[in-house]
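Count residues from 1 along the sequence. Owing to the predicted nature of the structure, the values given are computational and were not obtained by experimental measurement. These numbers come from the heavy atoms of this one structure, side chains and all, not from hydrogens, waters or symmetry mates.
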Amino acid sequence: MLAYIIRRLIAVALMLMVVTLVTLSIFFLIPKLTGSDPAAMFVGKQADPATIEGIRQKLGLGDPLLVQFWHFVSGIFVGRDYVGGGSSIHCAAPCFGYSFKTEQDVWSILVDRIPVTLSMVVGAAIIWLILGVSAGVVSALKRGTVVDRAAMVTALAGVSLPIYFTAMLAMLVFRTQLGWLDARYVPISENPGSWFMGLLLPWVTLAFLYAAMYARLTRATMLEVLGEDYIRTARAKGLTEPVVLGKHAMRSTMTPILTIFGMDFGALVGGAVLTETAFNLPGLGNAAFSAVSERDLPIIMAVTLITAACVVFANLLVDLLYAVIDPRVRLA
């Protein structure tokens, strides 16, 4: 098991290096090929050529791609000095560069937004797992009944409705008309009650979409598992239905659920753009949306790398959890 973990960690490191190189190429090499100069984007449209050249030297944009890649990666761990153009600036680790618009350290911009995104994603994930898996199991056990049809119609609505429509509808009903909830983020350290009430609408809105998908996946997987020979054997041995379902059927059912959960959770930690934008939450997704509008490449690149890292590490955790759920993985 230890050797497997070491191999997976090496694979994770290589994957992150490849993702970083590709991301750096997309954001700084391709713009040059298409006639856009990142240095000109940094200083603005009114700058003279000498100023643009000074910024290009300071940011190292004239260096070969692999040199830029080395400076960028090393800056994440040990910081980086930007020297040139008549001035120098220091970026402490972790360093993702400086914003083209505010000239602030990108990490200092994003670090305050990470707790917002984590709060929203963790709360929504708990809700959608509980509701989605429960609804899927009940639908599978009550196949063809009114309960099954009602759950699947609700799941179909959750999958089909755009999340910004669901968010606007939730705010219209629960905040504007009823006045029950307010989607205003308050740090948990300041007021836990306000933090909970401010995130309840985003939690439910985001969870409604994912719970619907998980309900459909759980139902389909559970129906397949209940038809397996080992389930019939367990029942023939006289095991009670809760034991058959909880100890045997749910283990096999949770394997694909765990796989998709790792991917969904990792991607959302990088920023649930539509949800954060709809509820005006100051998270990573909102920062990415604003950066795209302003063509602020360093912030977009940083959010992209954070998202990629979260997805990769979430998949690593899922691989390790397989051994807990499925004994065959431990034997392998």
Side-chain angles (χ1 to χ4, degrees), residues 6-111 113-114 266 270-271 284 287-288 290-313 315-316:
I6 293 175
R7 289 198 305 271
R8 291 291 289 115
L9 288 175
I10 294 174
V12 164
L14 293 176
M15 177 63 70
L16 290 177
M17 296 290 281
V18 171
V19 169
T20 304
L21 180 59
V22 172
T23 304
L24 198 68
S25 302
I26 292 174
F27 284 100
F28 288 102
L29 181 61
I30 293 180
K32 294 180 182 180
L33 300 178
T34 58
S36 300
D37 190 350
M41 297 171 64
F42 183 90
V43 298
K45 298 180 180 179
Q46 305 301 323
D48 57 89
T51 302
I52 295 176
E53 183 60 30
I55 292 298
R56 185 181 294 111
Q57 294 178 8
K58 178 184 293 186
L59 299 181
L61 298 177
D63 297 333
L65 178 63
L66 291 180
V67 175
Q68 294 186 50
F69 172 72
W70 168 250
H71 289 160
F72 183 82
V73 173
S74 60
I76 295 177
F77 297 99
V78 299
R80 183 178 177 186
D81 292 319
Y82 294 90
V83 181
S87 62
S88 63
I89 53 178
H90 175 71
C91 180
C95 178
F96 290 97
Y98 282 82
S99 167
F100 283 177
K101 300 303 177 182
T102 65
E103 298 187 16
Q104 286 182 272
D105 176 15
V106 171
W107 179 249
S108 65
I109 297 174
L110 299 181
V111 68
R113 296 175 175 267
I114 292 176
L284 291 176
S290 300
V292 169
S293 303
E294 299 174 349
R295 302 180 67 187
D296 200 343
L297 298 185
I299 293 181
I300 303 173
M301 186 168 65
V303 174
T304 302
L305 293 178
I306 291 173
T307 304
C310 290
V311 171
V312 170
F313 281 108
N315 285 331
L316 172 62

With rounding to the nearest 0.5 angstrom, report the [atom1] to [atom2] distance, [X] to [Y].
X: Phe77; Y: Cys95; atom1: CZ; atom2: SG; answer: 12.5 Å
X: Met15; Y: Ile10; atom1: CE; atom2: CD1; answer: 14.0 Å
X: Arg295; Y: Leu297; atom1: CZ; atom2: CG; answer: 7.5 Å
X: Thr304; Y: Leu24; atom1: OG1; atom2: CG; answer: 11.5 Å

If you compare all heavy atoms of [X] against all heavy atoms of [Y], which two are closest, and at what distance to 0.1 Å?
X: Phe69; Y: Leu21; value: CE1-N, 3.6 Å
X: Cys310; Y: Gly266; value: CB-O, 3.3 Å
X: Pro298; Y: Val106; value: CB-CG2, 3.7 Å
X: Val73; Y: Thr20; value: CG2-CG2, 4.0 Å
X: Ala287; Y: Ile299; value: O-CG2, 4.1 Å
X: Arg80; Y: Gly75; value: CB-CA, 4.1 Å

Under a 4.5 Å cut-off applied to non-hydrogen side-chain atoms, are [X] and [Y] in contact?
X: Ile109; Y: Phe96; answer: no
X: Leu316; Y: Val312; answer: no
X: Trp107; Y: Ile114; answer: yes

Under the side-chain hydrogen bond (donor to acceptor under 3.5 Å, both in side chains) test, which residues partner Thr23, sequence neighbours left out? none
